[in-house]
*Asks:* 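Sharing a structure here in structure tokens format.
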Amino acid sequence: STRVSARVDAGVMQAALHRFDLAREHFAEAEKAAEGDGALAKKVLLAYAELASRQGDFNRAIAMLERLQKIATTEGDKRQEHKILLHRAQAHAGLGDRRSALVALSRAEQLFPNEATLACERQKIRGLTDYFSKDFRAAVLACERAVEMARDLGIAYEVAINLHNLGDSLVHLEDFPRAYGAFRQSIELCDEVGFERLSNHNRMYLAFLDGVAGDAKAEEILRNGIRYAETHDFTWDAVNGGALLAQLLRRRGELEAARVEFSKTRETARAVGNRLLADECDTALRAMAGK
């Protein structure tokens, strides 16, 4: 039990630092040590699910969570259940199942209705649920609320990630000036505290916005950001970057290059269960057919 917990905790810390290869090594060792013990196996599967969620691989996250649900134990850890429900909500949202996402969020709220930190986490997932449901106006409002809650609690990373999510929703609404401002605020926090992955993700969006405004260097910056994300196994970031690059090329009239990027991004999005981007790429390719 001690060895499993230590490995899981070490892996969770590495995952929080976005060192996914090291996290997987710890989880693999924990899985070996947990063999035959349902309660310990649940800890490992939850850690794997959290890793998949951080990467943006919703198909893998939901598969892990379903395996976890089948393991019957007598443990009644409410905090673990809350974490499971949030991961389920995010995965269902990414897969396009808004109803299941909202059900999971509601169940999580019932467990800890008055704990501010957990309410802040749920608000972030609510914003993502609206985002993946393509209700970007509702997502903007939810993300703004999440930013306020995180600021009140003094949680720098949650402020930064919710500012990023706000900017992403505003990009979909083509409210580019407000989106630029949100990304700039997020980057300032990232650089201050050292959130390297999120900083790179934000800079890809800024490069896209600069490219829309006519910056000749924007495409190179965006491609460098995508390479960084791919090298570090940041699937969510790489898929978003690919979609941004395809949109930028399309706006510039480079239709053949745009088709290549839309097709590649669509396949990756489908593989990880990012329904929103898969649909957006599909729509773009149909609109470009014959041009």
*Asks:* Is the distance between the ring centroids of Phe183 and His164 under 6.0 Å?
*Replies:*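 Here the rings of His164 and Phe183 have centres that are less than 6.0 Å from each other.
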*Asks:* For atom CD of Glu220, decide whether the heavy atoms of other residues, nucleotides or ligands shown that lie under 6.0 angstrom number more than 12.
*Replies:*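 No.
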*Asks:* Considering only heavy atoms from C-beta outward, does the side chain of Asn162 approach that of Glu158 to under 4.5 Å?
*Replies:*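 Yes, at least one pair of side-chain atoms sits under 4.5 Å.
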*Asks:* Mark yes when over 12 heavy atoms from residues, nucleotides or ligands other than Arg24 sit less than 6.0 Å from its CZ; otherwise mark no.
*Replies:*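 Enclosed.
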*Asks:* Does Tyr48 belong to the same Ile/Leu/Val/Met/Phe/Trp/Tyr cluster as Val8, with side-chain heavy atoms less than 4.5 Å apart forming each link?
*Replies:*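 Both belong to a single hydrophobic cluster.
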*Asks:* Quick check: is Val140 connected to Leu128 through a chain of hydrophobic side chains (ILVMFWY, heavy atoms under 4.5 Å apart)?
*Replies:*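 Hydrophobic grouping puts Leu128 with Val140.
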*Asks:* Only one of Arg67, His87, His92, Gln90 forms a side-chain contact (heavy atoms from CB on, under 4.5 Å) with Ile62, so which one is it?
*Replies:*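 Of the listed residues Arg67, His87, His92, Gln90, the side-chain contact (heavy atoms from CB on, under 4.5 Å) partner of Ile62 is His92.
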*Asks:* With heavy-atom distances below 4.5 Å as the criterion, would you say the side chains of Leu118 and Arg79 are in contact?
*Replies:*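 Yes; the side chains approach each other to less than 4.5 Å.
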*Asks:* Using the rule given for salt bridge (charged side-chain N to carboxylate O under 4.0 Å, His left out), can you reason through Arg250 versus Glu254, listing the C-alpha separation, both sets of side-chain angles and the distance that settles it, and then say yes or no?
*Replies:* CA-CA 6 Å; Arg250 182 185 183 188; Glu254 299 176 37; over 6 Å; no
*Asks:* According to side chain to side chain donor-acceptor pair (under 3.5 Å), who are the partners of Arg151, at least two apart in sequence or on a separate chain?
*Replies:*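 So Arg151 forms a side chain to side chain donor-acceptor pair (under 3.5 Å) with Gln185.
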*Asks:* Is there a side-chain contact between His232 and His18 in this structure, where contact means two heavy atoms from C-beta onward sitting under 4.5 Å apart?
*Replies:*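 No, too far: nothing below the 4.5 Å cut-off.
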*Asks:* Do Glu144 side-chain atoms and Leu166 backbone N/O form a donor-acceptor pair below 3.5 Å?
*Replies:*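 No: the side chain of Glu144 does not pair with the backbone of Leu166.
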*Asks:* State the CG-CG distance between Leu85 and Leu111, to the nearest 0.5 angstrom.
*Replies:*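 One finds 6.0 Å between CG of Leu85 and CG of Leu111.
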*Asks:* Applying side-chain contact (heavy atoms from CB on, under 4.5 Å) to Phe132 and Arg275, what does each step give before you reach the verdict?
*Replies:* CA-CA 8 Å; Phe132 282 118; Arg275 178 73 177 274; over 6 Å; no
*Asks:* Considering residues, nucleotides and ligands other than Arg252, do more than 12 of their heavy atoms fall under 6.0 Å from its CZ?
*Replies:*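 Yes, the 6.0 Å shell around CZ holds more than 12 heavy atoms from other groups.
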*Asks:* Phe20 vs Phe27, test: ring pair (Phe, Tyr, Trp, His ring centres under 6.0 Å). Steps then yes/no.
*Replies:* CA-CA 10 Å; Phe20 298 144; Phe27 295 155; over 10 Å; no
*Asks:* Out of curiosity, Leu68 CG to Lys43 NZ, how far, rounded to the nearest 0.5 Å?
*Replies:*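 Between Leu68 CG and Lys43 NZ, I get 12.5 Å after rounding to 0.5 Å.
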*Asks:* Honestly curious: do Ile161 and Leu51 fall in one hydrophobic cluster under the side-chain, below-4.5 Å linking rule?
*Replies:*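 Ile161 does not cluster with Leu51.
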*Asks:* Tell me whether the rings of Tyr205 and His201 are parallel (<30°), tilted (30 to 60°) or perpendicular (>60°).
*Replies:*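 Plane angle between 30° and 60°, so tilted.
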*Asks:* How about NZ on Lys264, more than 12 heavy atoms from neighbouring residues, nucleotides or ligands closer than 6.0 Å, or not?
*Replies:*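 Counting other residues, nucleotides and ligands, NZ of Lys264 stays at 12 neighbours or fewer.
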*Asks:* Check the pair Leu163, Arg184 against side-chain contact (heavy atoms from CB on, under 4.5 Å), reporting the backbone distance first and the verdict last.
*Replies:* CA-CA 9 Å; Leu163 281 167; Arg184 285 300 321 170; over 6 Å; no
*Asks:* Is it the case that atom CD in Glu196 sees more than 12 heavy atoms from other parts of the structure closer than 6.0 Å?
*Replies:*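 Result for CD/Glu196: open.
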*Asks:* Got Val4 and Asp37 here, is their nearest side-chain heavy-atom distance under 4.5 Å?
*Replies:*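 Counting from C-beta outward, Val4 and Asp37 never come under 4.5 Å.
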*Asks:* Measure from the side-chain N and O atoms of Asn202 to the backbone N and O of Leu198, and report whether any donor-acceptor pair falls under 3.5 Å.
*Replies:*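 Checking the backbone N and O of Leu198 against the side chain of Asn202, a donor-acceptor pair under 3.5 Å is found.
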*Asks:* Tell me the closest heavy-atom pair linking Ala258 and Met288, and the distance in Å.
*Replies:*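 The pair with the smallest heavy-atom distance is CB-CE, 3.8 Å.
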*Asks:* Could you list the residues that satisfy salt bridge (Lys or Arg N to Asp or Glu O under 4.0 Å) with Glu29, not counting sequence neighbours?
*Replies:*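 If we apply the salt bridge (Lys or Arg N to Asp or Glu O under 4.0 Å) test to Glu29, skipping adjacent residues, the hits are Lys32.
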*Asks:* Could you go through the salt bridge (charged side-chain N to carboxylate O under 4.0 Å, His left out) check for Lys124 and Glu121 one step at a time?
*Replies:* CA-CA 5 Å; Lys124 175 177 64 179; Glu121 289 184 35; over 6 Å; no
*Asks:* As an exercise, state the distance from CZ of Arg7 to CD of Glu25, rounded to the nearest 0.5 Å.
*Replies:*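 It is 8.5 Å, given to the nearest 0.5 Å.
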*Asks:* Would you give the length of the straight line joining atom OH of Tyr157 to atom OG of Ser186, rounded to the nearest 0.5 angstrom?
*Replies:*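 Between atom OH of Tyr157 and atom OG of Ser186 there are 8.5 Å.
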*Asks:* Should Leu245 and Leu222 count as side-chain neighbours, where that means a heavy-atom distance under 4.5 Å?
*Replies:*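 Leu245 vs Leu222: side chains touch.
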*Asks:* For the residue pair Arg251 and Val212, establish whether any side-chain heavy-atom pair is separated by less than 4.5 Å.
*Replies:*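 In contact.
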*Asks:* Any side-chain to backbone donor/acceptor pair from Ser199 onto Phe195? Under 3.5 Å, distance only.
*Replies:*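 Answer holds: no.
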*Asks:* Would Tyr228 and Asp237 count as a side chain to side chain donor-acceptor pair (under 3.5 Å) here? Give the steps.
*Replies:* CA-CA 9 Å; Tyr228 174 88; Asp237 315 24; over 6 Å; no
*Asks:* Tell me whether Arg60 contacts the main-chain N or O of Val272 through its side chain, where contact means a donor paired with an acceptor under 3.5 Å.
*Replies:*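 No: the side chain of Arg60 does not pair with the backbone of Val272.
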*Asks:* Do side-chain atoms of Ser5 reach the backbone of Ser1 as a donor and acceptor pair under 3.5 angstrom?
*Replies:*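 Looks like yes, one N/O pair under 3.5 Å.
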*Asks:* Just verifying a value: how many Å separate Leu206 CG and Asp215 CG, rounded to the nearest 0.5 Å?
*Replies:*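 Between atom CG of Leu206 and atom CG of Asp215 there are 11.0 Å.
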*Asks:* Considering non-hydrogen atoms only, spot the tightest contact between Ala142 and Gly127 and give its length.
*Replies:*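 Ala142 and Gly127 have their closest heavy atoms at CB-CA, 3.5 Å.
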*Asks:* Could you walk me through whether Asp279 and Lys134 pass the side-chain contact (heavy atoms from CB on, under 4.5 Å) test, one step at a time?
*Replies:* CA-CA 11 Å; Asp279 287 352; Lys134 304 178 186 179; 3.3 Å; yes
*Asks:* What's the separation between atom CG in Asn59 and atom CZ in Arg270, rounded to the nearest 0.5 Å?
*Replies:*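 With rounding to 0.5 Å, CG (Asn59) is 12.5 Å from CZ (Arg270).
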*Asks:* Can you name the nearest heavy-atom pair linking Ala179 to Val171, along with the distance?
*Replies:*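 The answer is CB-CG2, 3.8 Å.
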*Asks:* Are any side-chain N or O atoms of Thr265 and backbone N or O atoms of Glu261, one a donor and one an acceptor, separated by less than 3.5 Å?
*Replies:*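 Flag set: sc Thr265 to bb Glu261 pair under 3.5 Å.
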*Asks:* Is there a side-chain contact between Glu219 and Leu249 in this structure, where contact means two heavy atoms from C-beta onward sitting under 4.5 Å apart?
*Replies:*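 Of all side-chain heavy-atom pairs linking Leu249 with Glu219, at least one is under 4.5 Å.
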*Asks:* Walk me through it: do Asn165 and Tyr131 pass the test side chain to side chain donor-acceptor pair (under 3.5 Å)?
*Replies:* CA-CA 9 Å; Asn165 293 342; Tyr131 168 82; over 6 Å; no
*Asks:* Is the shortest side-chain N to carboxylate O distance from Asp130 to Arg137 below 4.0 Å?
*Replies:*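 No, no charged N to carboxylate O under 4.0 Å.
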*Asks:* Please test Leu86 against Leu105 for side-chain contact (heavy atoms from CB on, under 4.5 Å), starting from the C-alpha separation and ending with a verdict.
*Replies:* CA-CA 6 Å; Leu86 289 194; Leu105 274 174; 3.8 Å; yes
*Asks:* Which of parallel (below 30°), tilted (30 to 60°) and perpendicular (above 60°) describes His172 and Phe136?
*Replies:*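 Ring orientation of His172 relative to Phe136: parallel.
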*Asks:* Within the 4.5 Å heavy-atom criterion, are Glu109 and Arg122 side-chain neighbours or not?
*Replies:*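 Yes, close enough: below the 4.5 Å cut-off.
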*Asks:* For the backbone of Trp236 and the side chain of Asn274, can you confirm whether one donor and one acceptor N or O come within less than 3.5 Å of each other?
*Replies:*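 Between the backbone of Trp236 and the side chain of Asn274 there is no qualifying donor-acceptor contact (under 3.5 Å).
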*Asks:* Do Leu255 and Leu285 belong to the same hydrophobic cluster, where Ile, Leu, Val, Met, Phe, Trp and Tyr are linked whenever their side-chain heavy atoms lie under 4.5 Å apart, directly or via other members?
*Replies:*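 Yes.
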*Asks:* Give a yes or no on whether the backbone of Ala93 and the side-chain of Asp97 come within a donor-acceptor separation of less than 3.5 Å.
*Replies:*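 Here the side-chain-to-backbone pair does not exist.
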*Asks:* If only atom types and distance count, is the side chain of Asn200 paired as donor or acceptor with the main-chain N or O of Gly225 below 3.5 Å?
*Replies:*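 Flag set: sc Asn200 to bb Gly225 pair under 3.5 Å.
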*Asks:* Parallel under 30°, tilted from 30 to 60°, perpendicular over 60°: which one fits the rings of Phe112 and His82?
*Replies:*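 Ring orientation, 0 to 90° scale: perpendicular.
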*Asks:* Please determine whether residues Leu40 and Met64 belong to a single hydrophobic cluster, defined as Ile, Leu, Val, Met, Phe, Trp and Tyr linked transitively by side-chain heavy-atom distances below 4.5 Å.
*Replies:*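 Yes, same cluster.
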